[in-house]
Amino acid sequence: MAVPRGERRRSVGGDSREQRRDHGALEAEVMGVLWAAGRPMTAAQVHESLGDPGLAAKTVLTVLGRLHAKGLLDREPTGRAHAYAPRRGPADEVASRMNQALARGADRLAVLQHFVAGLDPEDERALRDLLDTRE
């Protein structure tokens, strides 16, 4: 599978045949597969959907376990395996991360000001419309 745009792979131990994704990239890919599927999937199904012959199935299982431990996935027994499904949709997950980042800021108003200043005009209009409908 090609590395998604914006991601890069780096060699491990000087061996250009074995590649490692940037931190968090595989978790994002796994979540993307699960969101796209819209149904619970086993580790084997996720591994197959990723389509990367250089990626070990055990690595996918490890990532699924970590995502479950972080509270991002539900896990249900299915035969001798488990099926995994996202606990919330992609928009909910991104909004949660945005709220977490805002909570970490010492000056919430300054963080919000910088966030709004970085929006393109269309997103700023959409945000204003959303805020106006809450009143």
Candidate pair Leu50 and Leu26, rule side chain to side chain contact (heavy atoms under 4.5 Å, CB included), full reasoning: CA-CA 9 Å; Leu50 288 168; Leu26 184 54; 4.2 Å; yes
Audit row: Leu61, Val46, side chain to side chain contact (heavy atoms under 4.5 Å, CB included) steps and yes/no: CA-CA 9 Å; Leu61 186 58; Val46 172; over 6 Å; no
Evaluation steps, side chain to side chain contact (heavy atoms under 4.5 Å, CB included), between Glu29 and Val33: CA-CA 6 Å; Glu29 288 180 56; Val33 164; 5.7 Å; no
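Looking at every heavy atom in both residues, Val60 comes nearest to His47 through CG2-CD2, 3.6 Å. Nearest heavy-atom pair across Leu34 and Tyr84 is CD2-O, 3.4 Å. Heavy-atom minimum distance, Arg88 versus Leu72: NH2-CD2, 4.4 Å.
Residue pairs meeting the side-chain hydrogen bond (donor to acceptor under 3.5 Å, both in side chains) criterion with at least one member in residues 31-44, sequence neighbours excluded, are Thr42-Gln45.
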Can you give each donor-acceptor pair under 3.5 Å made by side-chain atoms of residues 99-115, sequence neighbours left out, with the distance rounded to 0.1 Å?
residue : atom : partner : partner atom : Å
Asn99   : ND2  : Ala95   : O            : 3.3
Gln100  : NE2  : Ser96   : OG           : 3.4
Asp107  : OD1  : Leu109  : N            : 3.3
Asp107  : OD1  : Ala110  : N            : 3.2

List, one per line, each side-chain donor-acceptor pair under 3.5 Å for residues 74-82, sequence neighbours excluded.
residue : atom : partner : partner atom : Å
Asp74   : OD1  : Arg87   : NE           : 2.5
Asp74   : OD1  : Arg87   : NH2          : 3.4

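Applying the 6.0 Å contact sphere to CZ of Arg128 captures no more than 12 heavy atoms from other residues, nucleotides or ligands. By the neighbour-count criterion of 12 heavy atoms within 6.0 Å, atom CD of Glu124 is densely surrounded, having more than that number from other residues, nucleotides or ligands.
In this structure, CD in Glu48 is found 13.0 Å from CG in Leu55, a value given to the nearest 0.5 Å. Taken from CG in Leu127 to CD in Glu122, the straight-line distance is 13.0 Å, to the nearest 0.5 Å. To the nearest 0.5 Å, atoms CG (Leu73) and CZ (Arg66) are separated by 13.5 Å.
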